[in-house]
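This report refers to the structure that appears directly beneath it.
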Amino acid sequence: MPANPGWNPEQYLRFADERLQPVIDLIARISHHGPRRVVDLGCGAGNALQLLSLRFPGAEVTGVDGSAEMLGKAARSGYRTEQADIATWRPEEPVDVIFSNAALHWLPEHETLFPHLLSLLSPGGVLAVQMPAMDRMPLRQLQYEVARHGPWADALKGVSSARGLLPIQDYYRMLRPRSVGLELWFTEYVHVLKGPDPVVQWAMGSSLRPFLDVLPEEMKPDFLAAYAEALRPHYPPLEDGTVLLPFRRFFVLASI
């Protein structure tokens, strides 16, 4: 993941099973007969590294991330890690598979980023990417709405979270001429969450981090309470206390 915001591995992994399913689904779709070098770009806490190693036995699997906190967790998996800004990272030699899960949507200028990543692949290489497509959903929209109102408004002025994705046609146009194979698809997962205000807890591990990172400690409880109140009509608890969180994700598989 990018160097900012200040990632908390424990909070992010609070919903590890739910966050892992898109990883499993994307890895299963990667077609490469014998990669030697596999990189998880924006590896976070490293929960995909073992799965990549199992999928491609014999490959050197490396996790790259900008967060020292996340890499500290990833390093415990026993796989090679490298701290770097994933927006400017370049390998010492071409890579066979570049895998990136829920990281590239934090970066700008996808028009140049995605062709750049393709250029880092060896012949026959594969770029496999998953990015949340939630920027128009209440989970994300209400972060900005709540941030604009209340005593924290001045402190949060100008703060933004992960960027919205480009239109799907743009990804096709930038990747199709540079690829011999291209697959683009959306999947919406329905996460079954438990506990008090679980959607807030989910957001605290990812998209809400930029807001919490700049808020004074004394403002955080009231800000989180206001966000929780705004979310409840959109993600109401069911009779058994369960909260359902529909979560849409965009997948890219490009081979050269």
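Leu175 contributes atom CG, which lies 11.0 Å from atom NE2 of His110 (distance to the nearest 0.5 angstrom). To the nearest 0.5 Å, atoms CG (Leu208) and CG (Leu142) are separated by 11.0 Å. Atom-to-atom distance recorded for Asp135:CG and Gln143:CD is 11.0 Å, nearest 0.5 angstrom. To the nearest 0.5 Å, the span separating CG on Leu184 from OH on Tyr172 amounts to 8.5 Å. With values rounded to the nearest 0.5 angstrom, Arg248 atom CZ is found 7.5 Å from Met137 atom CE.
By the neighbour-count criterion of 12 heavy atoms within 6.0 Å, atom CD of Gln50 is sparsely surrounded, having that number or fewer from other residues, nucleotides or ligands. More than 12 heavy atoms of other residues, nucleotides or ligands shown are found within 6.0 angstrom of OH on Tyr189.
When the side chains of ILVMFWY residues are joined at heavy-atom separations under 4.5 Å, either directly or via intervening members, Leu193 and Leu244 end up in two distinct hydrophobic clusters. Note on Leu104 and Leu166: same hydrophobic cluster, where clusters join Ile, Leu, Val, Met, Phe, Trp and Tyr whose side-chain heavy atoms are under 4.5 Å apart, directly or indirectly. Linking Ile, Leu, Val, Met, Phe, Trp and Tyr whenever their side-chain heavy atoms come within less than 4.5 Å leaves Val190 and Val243 in two separate clusters. Placement of Trp202 and Tyr144 within a single hydrophobic cluster is found when ILVMFWY residues are connected by side-chain heavy-atom separations under 4.5 Å, directly or transitively.
Using a 4.5 Å cut-off on side-chain heavy atoms (C-beta onward), Gln141 and His234 make no contact. Considering only heavy atoms from C-beta on, Val61 stays 4.5 Å or farther from Asp40 through its side chain. Between Tyr235 and Pro246, some side-chain heavy-atom pair lies under the 4.5 Å cut-off. In this structure, Glu93 and Arg37 have side chains that are in contact, with non-hydrogen atoms separated by less than 4.5 Å. Pro22 has its side chain within reach of Asn101: a pair of non-hydrogen atoms, C-beta onward, lies under 4.5 Å apart.
Taking the side chain to side chain contact (heavy atoms under 4.5 Å, CB included) definition, one finds that Pro35 meets it with His32, Val38, Phe56, Asp96, Val97, sequence neighbours left out. In this structure Glu145 satisfies the side chain to side chain donor-acceptor pair (under 3.5 Å) test together with Arg148, sequence neighbours excluded. Judged as a side chain to side chain donor-acceptor pair (under 3.5 Å), and not counting sequence neighbours, the contacts of Asp170 are Arg173. Considering only residues two or more places apart in sequence or on other chains, Thr81 meets the side chain to side chain contact (heavy atoms under 4.5 Å, CB included) condition with Leu71, Ala74, Ala75. Glu217 pairs by the salt bridge (charged side-chain N to carboxylate O under 4.0 Å, His left out) definition with Lys220, not counting sequence neighbours. Judged as a side chain to side chain donor-acceptor pair (under 3.5 Å), and not counting sequence neighbours, Glu109 has no contacts. Taking Phe250 as the reference, Tyr171, Phe186 meet the ring pair (Phe, Tyr, Trp, His ring centres under 6.0 Å) condition, with sequence neighbours excluded. Considering only residues two or more places apart in sequence or on other chains, Arg136 meets the side chain to side chain contact (heavy atoms under 4.5 Å, CB included) condition with none of them. Applying the side chain to side chain donor-acceptor pair (under 3.5 Å) rule to Ser161 yields no partners; only residues at least two apart in sequence or on another chain are considered. Every salt bridge (charged side-chain N to carboxylate O under 4.0 Å, His left out) that Arg232 has, sequence neighbours left out, goes to Asp197. For Arg163, the side chain to side chain contact (heavy atoms under 4.5 Å, CB included) partners at least two apart in sequence or on another chain are Pro108.
Side-chain N or O atoms of Ser67 include one that pairs as donor or acceptor with a backbone N or O of Met70 at under 3.5 Å. Judged purely by atom type and a 3.5 angstrom limit, Tyr227 uses its side chain to pair as donor or acceptor with the backbone of Leu139. The backbone N or O of Ala162 sits less than 3.5 Å from a side-chain atom of Arg140, completing a donor-acceptor pair. Using modelled atom types, one side-chain atom of Gln83 and one backbone atom of Gly66 make a donor-acceptor pair closer than 3.5 Å.
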Legend entry - Test side chain to side chain contact (heavy atoms under 4.5 Å, CB included) applied to Lys194 and Asp240, step by step: CA-CA 9 Å; Lys194 304 283 188 179; Asp240 62 355; 4.1 Å; yes
Inset, instruction - Apply side-chain hydrogen bond (donor to acceptor under 3.5 Å, both in side chains) to Arg80 and Thr62, showing your working. - result: CA-CA 5 Å; Arg80 181 176 178 270; Thr62 302; 3.2 Å; yes
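Residues Phe211 and Trp152 keep their aromatic ring centres 6.0 Å or farther apart.
When the options Val23, Leu127, Val129 are evaluated for a side chain to side chain contact (heavy atoms under 4.5 Å, CB included) with Phe99, the one that passes is Val23.
Other members of the cluster containing Leu54 do not exist, because no ILVMFWY side chain is joined to it at under 4.5 Å.
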